[in-house]
Amino acid sequence: MTKINFIEFSGAEHSIDVDNGNTVMEAAIQNNVPGIDADCGGACACATCHVYVDKDWVGKIGEAEEMEKDMLDFAFDVEENSRLSCQIKVSEELDGLTVRLPEKQF
Amino acid sequence: MEKELFETDVVIIGAGPVGLFSVFELGLLDMKCHVIDILDKPGGQCAELYPEKPIYDIPGMPSVLGSELVDLLMKQIAPFNPTFHFSSMVQEITKLDNVFWEIKTDHNEVFKAKVVVIAGGGGSFLPKKPPIKEIENFESNSVFYSIKNKEIFRDKELAIVGGGDSALDWVMNLEEIAKKITLIHRRDQFRAAPDTVKKIFSLIESKKIDFIMGQVSKLSGEGGILESLTCKTTEGDIEVGCDSLLPFFGLTMKLGPIANWGLNLDENLIMVDTEKFETNEKGIFAIGDINTYPGKLKLILCGFHEAALMSQQAFRYVYPDEKLTFQYTTSSSNLKKKLGVS
């Protein structure tokens, strides 16, 4: 189990224990964290699981693949630390990872 | 646009896998189908969201790509020769009398049918609206998510936002007729056909269009008429004068007009029985991801099952005086003839 922290736009925090191998998006959906829509169910095809990775974690989490970078074009208010949470696989190294959610997935 | 009239046995709303397979099940029972979909191609989510993703839970197919499944279904239903109406959204369903329904689309197509099958999946694929403050105030005059008549942009100053095929195609299409085009995208890479991207770069280099790397953060204007927008860039905010904004951020699924058809809904899903998959309106069925009932699973295979059972009841509406005999495609010469394999 790995701890992942979600911070909603409102500031509400959710700390969740996630099985390694699951994605950050799956962790949010299975635990009813509001603010992640995941319309396509994790196919990297909709950009509705957009998160901002905490600055301290950007280096550790690895780079997004081309497909994900392309899909981020369909998200809003994309920043340097923007990722699609369906493409972040949870592993021990990510224990304590914090992601912030945008005001709205669209 | 001139009104087009069609009369048929069954109108299927949605050309996703479940809508397509309905053509097969209804066809075996001699019912002719027209299929309407808002996308410009068959396949629904399989085509729009995951054409290249393998699906592992179609019975008998250990792994099949979304696009492959659609191709196979199209082949399977070909003997029944359905009529497709793409890029059309059903707006209204009205009861004409005790036998017929009237179905109207946003393209002025009017259908008269005995049975309506809603296989609408996650709803209609509609353009995403970027959550820019007060954008809705400008939507009737200055903000356009799709383009029906490009002449309205003649001699206008346009801001086109996005980096995909839609955004870039419209830049090229409107470049000649607009007074000025500013293309706005969050990065200097584009996700579009290589040839299109090449042309866009040459338009930028020759200064025929302006390009700003950034994201729209604010719209300004009076009385719903856009005058300028603010673009957030790495070098600070840039003000761009424009009278029209065309954002292209892809598609999202929304229930859309389905909510207005007088059907019983539960959390945006259509309630049906589990014998016939019929709604509270006799003759209107809902199958696949769009319906709900106790124990419902949103799986393609469940939608296929629902299509088969729905067809049994549909037959009773289309051929009220005929007896329905159950037959297998493996052995019935009658069915084999319909499939063209006898």
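The figures here come from the full heavy-atom set of this structure, side chains too, leaving out hydrogens, waters and symmetry mates. Residue numbers start from 1 in every chain, and the chains themselves are labelled A, B, ... in the order their sequence lines are given, proteins ahead of strands.
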Under the 3.5 angstrom rule, does the side chain of Lys104(A) hit a backbone N or O of Pro131(B) as a donor-acceptor pair?
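Looks like no, no N/O pair under 3.5 Å.
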
Closest approach of [X] and [Y], non-hydrogen atoms and distance?
| X | Y | answer |
| --- | --- | --- |
| Leu49(B) | Ala45(A) | O-CB, 2.9 Å |
| Cys46(A) | Lys128(B) | O-NZ, 2.9 Å |
| Met253(B) | Asp39(A) | CE-O, 4.0 Å |
| Phe249(B) | Ala75(A) | CE2-O, 3.8 Å |
| Phe76(A) | Val216(B) | CZ-O, 3.6 Å |

Let me know if [X] has heavy atoms under 4.5 Å from chain A in its side chain, its backbone, both or neither.
| X | value |
| --- | --- |
| Lys129(B) | backbone |
| Lys53(B) | side chain |
| Phe190(B) | neither |

Under the salt bridge (charged side-chain N to carboxylate O under 4.0 Å, His left out) rule, what do Arg187(B) and Asp70(A) come out as? Steps first, then yes or no, please.
CA-CA 10 Å; Arg187(B) 52 182 188 152; Asp70(A) 284 347; 2.7 Å; yes

Measuring only between side-chain heavy atoms, which start at C-beta, is Asp77(A) closer than 4.5 Å to Lys232(B)?
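Yes - at least one pair of side-chain heavy atoms lies under 4.5 Å apart.
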
Does atom [atom1] ([X]) have a neighbourhood of more than 12 heavy atoms from anything else shown, all under 6.0 Å?
| X | atom1 | value |
| --- | --- | --- |
| Glu136(B) | CD | yes |
| Lys218(B) | NZ | no |
| Lys89(A) | NZ | no |
| Glu139(B) | CD | yes |
| Glu92(A) | CD | no |
| Glu227(B) | CD | yes |

For Asp56(A), check salt bridge (charged side-chain N to carboxylate O under 4.0 Å, His left out) against everything at least two apart and list the hits.
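For Asp56(A) there are no salt bridge (charged side-chain N to carboxylate O under 4.0 Å, His left out) partners, ignoring immediate neighbours.
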
Part of Asp37(A) lying under 4.5 Å from any heavy atom of chain B:
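Interface part for Asp37(A): neither.
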
Can you measure from CE (Met71(A)) to CZ (Arg191(B)) and round to the nearest 0.5 angstrom?
4.0 Å

Working to the nearest 0.5 Å, report the span between CD of Gln215(B) and CD of Glu79(A).
6.5 Å

